[in-house]
Amino acid sequence: MSLLSDLVNLNLSDCTEKIIAEYIWIGGSGMDMRSKARTFPGPVNDPSKLPKWNYDGSSTNQAPGEDSEVILYPQAIFKDPFRGGNNILVICDAYTPGGQPIPTNKRCAAAKIFSHPNVVVEVPWYGLEQEYTLLQKDVKWPLGWPVGGFPGPQGPYYCGAGADKAFGRDIVDAHYKACLYAGINVSGINGEVMPGQWEFQVGPSVGISAADELWVARYILERITEIAGVVLSFDPKPIQGDWNGAGAHTNYSTKSMRSDGGYEIIKKAIEKLGLRHKEHIAAYGEGNERRLTGHHETADINTFKWGVANRGASIRVGRDTEKDGKGYFEDRRPASNMDPYVVTSMIAETTILWKP
């Protein structure tokens, strides 16, 4: 008698060349991730070799019931850490049958910015720091917290170890390895300041691939927490009071910034970001005003300021960048629930293409 786990872990390559492709897309809320699978006769490693597919947009709040068909365009392929073998995960964006991007398709506009010759020549690098909170399934309260109560104050949890400090490390490590298996450029993980909160980093990755990788990493994390019976939250301030919020700090550089004399380019870019502060804040995630209060390592949402090694600034420049006269900077404003297609392309558009 086979166990369910035996069947889940069957290696299809032992008996067939057929593979399973999991098509992944972003649903109507802009944060819910949807997916469905189909079989192909053999391995595929080029998204242009995959067919478009459709889904019922009326069930994802992306189309009316009387005209519900939405078309998926495959855009990037990753190895599937759940099924293994030659099976794949496919990140897609969504279009009407007439070929127009639907309103929740933020990838299409980002791709236009990243394909602009002035952006391409600057080879924009991104490092995305995704913070998130693990919640107990039935009570929606952070993992490791006493139900209806609170743990000790913040201090020992950041990068901490121990049963009374680190909650959910098995999930975090499983996610780390699964992302590396998938081919995502995950550069690290750490426990965050609030207990039950963690962070992983994607990058450095070039252009739109940074956003593709972050979305697939989010999907993999959703699947792992599903298996673990834990709820994943990207709320930027899951617990009110004297607790840190959750952000998605976005590290950024261009070829000019990484070259000799780059510090002057960085300062000009930061000046441009300051001039468009309100526009960026409006696009940097829902509920961000609950997080950007001027406390808990944030700048006030209505204030734009930058500084070297200042974690209370909107933009932080590292000591090494100042010392070397070139490098990168960190935009600390994006919320944990930001859309990386929007944030990465907006930073490139403002700093490279926009003429004040």
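Nothing fancy with the numbering, it's 1 onward along the sequence.
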message: Has R169 got a side-chain atom pairing as donor or acceptor with G162's backbone, closer than 3.5 angstrom?
response: no
- prompt: Would you say the side chains of E192 and N190 form a donor-acceptor pair under 3.5 Å?
  reply: yes
query: Any sub-3.5 Å donor-acceptor pair from D80's side-chain atoms to L89's backbone N or O?
result: no
- request: Could you tell me which non-hydrogen atom of N185 sits nearest to which non-hydrogen atom of P204, and how far apart they are?
  value: ND2-O, 2.8 Å
field: For F167 against W198, the heavy-atom pair lying closest together
entry: O-NE1, 2.8 Å
- prompt: Under 3.5 Å, is there a donor-acceptor pair between the R34 and T60 side chains?
  reply: no
- prompt: In terms of side-chain geometry, is the basic nitrogen of K268 or E271 positioned less than 4.0 Å from the acidic oxygen of its partner?
  reply: no
- prompt: In this structure, are over 12 heavy atoms from other groups packed under 6.0 Å from K255 atom NZ?
  reply: no
Extract all donor-acceptor atom pairs below 3.5 Å that involve side chains of residues 108-116 and protein atoms in other chains or at least two apart in sequence.
unit_1, atom_1, unit_2, atom_2, d
S115, OG, A111, O, 3.0
S115, OG, K112, O, 3.1
H116, ND1, N118, N, 3.0

query: Is a side-chain N or O of T321 found less than 3.5 angstrom from the main chain of V317, in a donor-acceptor match?
result: no
query: Is the NZ or CZ atom of R316 positioned over F329's six-membered ring, under 6.0 angstrom from the centre and within 45° of the axis?
result: no
- prompt: Any side-chain donor paired with an acceptor under 3.5 Å for D93 and Q75?
  reply: yes
query: Y132 versus Q197: any side-chain heavy-atom pair under 4.5 Å?
result: no
statement: Heavy-atom nearest pair, S253 first then Y328, reads CB-CB, 3.6 Å
query: For L12, does its backbone N or O pair with a side-chain atom of T16 as donor and acceptor, under 3.5 Å?
result: no
- request: Taking atom types as modelled, find out whether S233 and D235 have a side-chain donor-acceptor pair closer than 3.5 angstrom.
  value: no
Heavy-atom closest contact (E122 atom, R258 atom, distance): O-NH2, 3.9 Å
query: Mind checking whether W141 and F150 have parallel, tilted or perpendicular rings, split at 30° and 60°?
result: perpendicular
Within 6.0 angstrom of W125 CH2, more than 12 heavy atoms from elsewhere: no
- prompt: Would a 4.5 Å heavy-atom cut-off, applied to side chains only, mark F200 and L214 as touching?
  reply: yes
Ring pair (Phe, Tyr, Trp, His ring centres under 6.0 Å) partners of residues 20-43, not counting sequence neighbours, each pair once: Y23-W53, W25-Y55
query: Is there a donor-acceptor contact under 3.5 Å from the side chain of R291 to the main chain of P334?
result: yes
- prompt: How about E22 and I88: do any of their side-chain heavy atoms sit closer than 4.5 Å?
  reply: no
statement: For I220 and A178, the nearest pair of non-hydrogen atoms, with its separation, is CG2-CB, 3.8 Å
Y263 six-ring face occupied by K326 cation (under 6.0 Å, within 45°): no
task: Can you spot which of E199, R218, H249 makes a side chain to side chain donor-acceptor pair (under 3.5 Å) with Q130?
output: R218
message: Any side-chain to backbone donor/acceptor pair from S336 onto A246? Under 3.5 Å, distance only.
response: yes
- prompt: Counting distance only, does the side-chain N/O of N87 pair as donor-acceptor with the main-chain N or O of G84 below 3.5 Å?
  reply: yes
- line: Heavy-atom closest pair (I301 atom, E289 atom, distance to 0.1 Å) is CD1-CA, 3.6 Å
message: Test your reading of the model: is there a side-chain donor-acceptor pair from Y176 to the backbone of V186, 3.5 Å cut-off?
response: no
message: Closer than 3.5 angstrom, by distance alone: can the side chain of N86 be matched with the main-chain N or O of I19 as a donor-acceptor pair?
response: no
